[in-house]
Protein chains: 2
Amino acid sequence: MSNLSVVELPVLNQPDEAVAPCCPPLNERPLSAEEAERTAKMFKALGDPVRLRLFSLVASHEGGEACVCDISDVGVSQPTVSHHLKKLKDAGLLSSERRGTWVYYRVEPSVLAAMGQLLTTAAR
Amino acid sequence: MSNLSVVELPVLNQPDEAVAPCCPPLNERPLSAEEAERTAKMFKALGDPVRLRLFSLVASHEGGEACVCDISDVGVSQPTVSHHLKKLKDAGLLSSERRGTWVYYRVEPSVLAAMGQLLTTAAR
DNA sequence: TGTCAATATTGACATCCATCGATACCGCCT
DNA sequence: AGGCGGTATCGATGGATGTCAATATTGACA
């Protein structure tokens, strides 16, 4: 075990079935059923207009972070906003943190980058 | 009706509100409701495991093109495969062409690239 | 401790959607 | 023309999902 710098684990640290190397580029080889299952979840999370707007609101907020109160004006009720934020979180695209009365959501850059590469690499 | 090659339309060329610049990067500014509506359709198209596999099968096939007969083995019935391919086509991610008995689907690289940039830019 | 504001959860409901079998359409071949 | 293989469409069905009102939870503050 020489100098394998054990590495600072990159932000997301679920032990197994984690997020970072979610899959090869879409044109490298056919996705297996399991890979497709995992990856489709992320795309599906962005596949709803309200969720996409919420995500964009968080991502475009300063510091890639926003309080729920800052982004709740998307034309649906408060429970619905909460429900969608939960789904984005479950998909691994957002993380949340409570600070006093407010809850802040922030984007998970590594996951996003992985999804992006899935597509841009496939686009050549 | 001579051989008036009426011009090879460059695949994506709609003057405005077309496909290519479907939206700003997700972190540049909040998406409008209409932008979100349009963009979510594409993500939703990739948000199903079977469709994602079909897409990957086409994308990873030589020339980014495949006959339906080449990619029909994803564990669902033939009508279901056809249905999913239609959805991918409607979302602008695939195009199709009949050649004799067979129908060939191919990836639409520009749309894919646009989606990729939506994400990779947002990931910084 | 009690109240209030912010967020999450629950339960109900309507709509959407993935799936299938049956069938129609389309080209090729004899 | 008729048959046949490949693909698309139709209609039905069960399950997933977006939405809301009502309610619970959480933390701040008087």
Side-chain angles (χ1 to χ4, degrees), chain A residues 31 33-58 61 65-107, chain B residues 31 33-34 36-58 61 65-106:
Chain A
L31 258 47
E34 297 76 27
E35 288 170 332
E37 204 83 37
R38 268 185 290 138
T39 308
K41 276 191 188 125
M42 306 188 204
F43 283 116
K44 185 186 250 177
L46 294 180
D48 177 89
V50 174
R51 277 199 297 271
L52 194 55
R53 280 186 85 189
L54 286 170
F55 184 87
S56 172
L57 278 161
V58 173
H61 213 262
E65 167 181 285
C67 166
V68 177
C69 59
D70 289 329
I71 59 175
S72 294
D73 199 19
V74 287
V76 294
S77 70
Q78 178 269 320
T80 302
V81 169
S82 192
H83 169 248
H84 283 310
L85 287 173
K86 182 179 168 57
K87 286 213 147 185
L88 286 167
K89 192 178 165 183
D90 288 347
L93 302 180
L94 294 180
S95 59
S96 72
E97 180 192 356
R98 173 154 224 144
R99 278 182 228 146
T101 306
W102 299 276
V103 176
Y104 290 79
Y105 282 81
R106 61 167 44 254
V107 304
Chain B
L31 258 47
E34 296 77 26
E37 204 82 39
R38 265 186 292 140
T39 309
K41 277 191 190 127
M42 305 189 205
F43 283 115
K44 184 184 248 177
L46 295 180
D48 177 89
V50 174
R51 275 199 299 271
L52 194 54
R53 281 187 85 188
L54 285 171
F55 185 86
S56 172
L57 278 161
V58 173
H61 212 263
E65 166 182 287
C67 166
V68 176
C69 58
D70 290 329
I71 59 175
S72 294
D73 199 17
V74 288
V76 295
S77 69
Q78 178 268 323
T80 302
V81 169
S82 192
H83 170 247
H84 282 310
L85 287 173
K86 181 178 166 61
K87 286 213 148 183
L88 286 166
K89 191 178 166 184
D90 289 346
L93 300 180
L94 293 180
S95 59
S96 72
E97 180 194 355
R98 174 154 223 144
R99 278 184 229 145
T101 306
W102 299 277
V103 176
Y104 290 80
Y105 283 79
R106 59 168 44 253

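All values reported here derive from a predicted model rather than from experimental measurement. We name chains A, B, ... by the order of the sequence lines, and we start the count at 1 in each one.
Put simply, the side chain of B:Ser82 does not reach to within 4.5 Å of the side chain of B:Lys86, judged on heavy atoms. The shortest distance between side-chain heavy atoms of A:Leu54 and A:Val58 does not fall below 4.5 Å. For the pair A:Leu94/A:Val107, a side-chain contact is recorded, criterion being any heavy-atom separation below 4.5 Å from C-beta on.
As rounded to whole Å, 14 Å separates atom P of C:dC17 from atom NZ of B:Lys86. Here C:dC16 presents its P atom at 12 Å from CD of B:Glu37, a figure rounded to the nearest Å. Atom pair B:Leu85:CG and C:dA18:C1' shows a separation of 14 Å (rounding to whole Å applied). Between the NZ atom of B:Lys89 and the P atom of D:dA8 there is a distance of 8 Å, rounded to whole Å. Look at CH2 on A:Trp102: it is 14 Å from P on D:dG27, rounded to the nearest Å. The distance from atom CZ of A:Arg98 to atom P of C:dT9 is 10 Å, rounded to the nearest whole Å. Atom P of nucleotide D:dT7 and atom CD of B:Glu97 are separated by 14 Å, given to the nearest angstrom. To the nearest angstrom, C1' of C:dA18 lies 13 Å from CG of B:Leu54.
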In a table with atom names and distances, give each donor-acceptor pair under 3.5 Å that connects a side chain of residues 68-76 of chain A to protein atoms at least two apart or in another chain.
residue, atom, partner, partner atom, Å
A:Asp70, OD2, A:Cys67, N, 3.4
A:Ser72, OG, A:Val68, O, 2.6

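Here D:dA30 sits opposite C:dT1 as a Watson-Crick or G-U wobble pair (both hydrogen-bonding atom distances under 3.5 Å).
Applying the salt bridge (Lys or Arg N to Asp or Glu O under 4.0 Å) test to every pair with at least one member in residues 87-99 of chain B, sequence neighbours left out, gives these pairs: B:Glu65-B:Arg99, B:Glu97-B:Arg99.
Considering only side-chain N and O atoms, B:Ser82 lies under 4.0 angstrom from the phosphate OP1 or OP2 of D:dA8. Listed pair B:Tyr105 / D:dG6 fails the phosphate criterion, with no side-chain N or O lying under 4.0 Å from OP1 or OP2.
Scanning both residues, B:Met42 and B:Leu93, for their nearest heavy atoms gives O-CD1, 4.0 Å.
Heavy atoms of B:Tyr104 sit nowhere under 4.0 angstrom from any nucleic acid atom.
Here the straight-line distance linking atom NZ of A:Lys44 with atom CZ of B:Arg51 works out to 9.0 Å at 0.5 Å rounding.
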Could you run through nucleotides 12-24 of chain D and give me one letter per nucleotide, 5' to 3': B if any protein heavy atom sits under 4.0 Å from the base, S if only the sugar-phosphate is that close, - if neither?
-----SSBBBB--

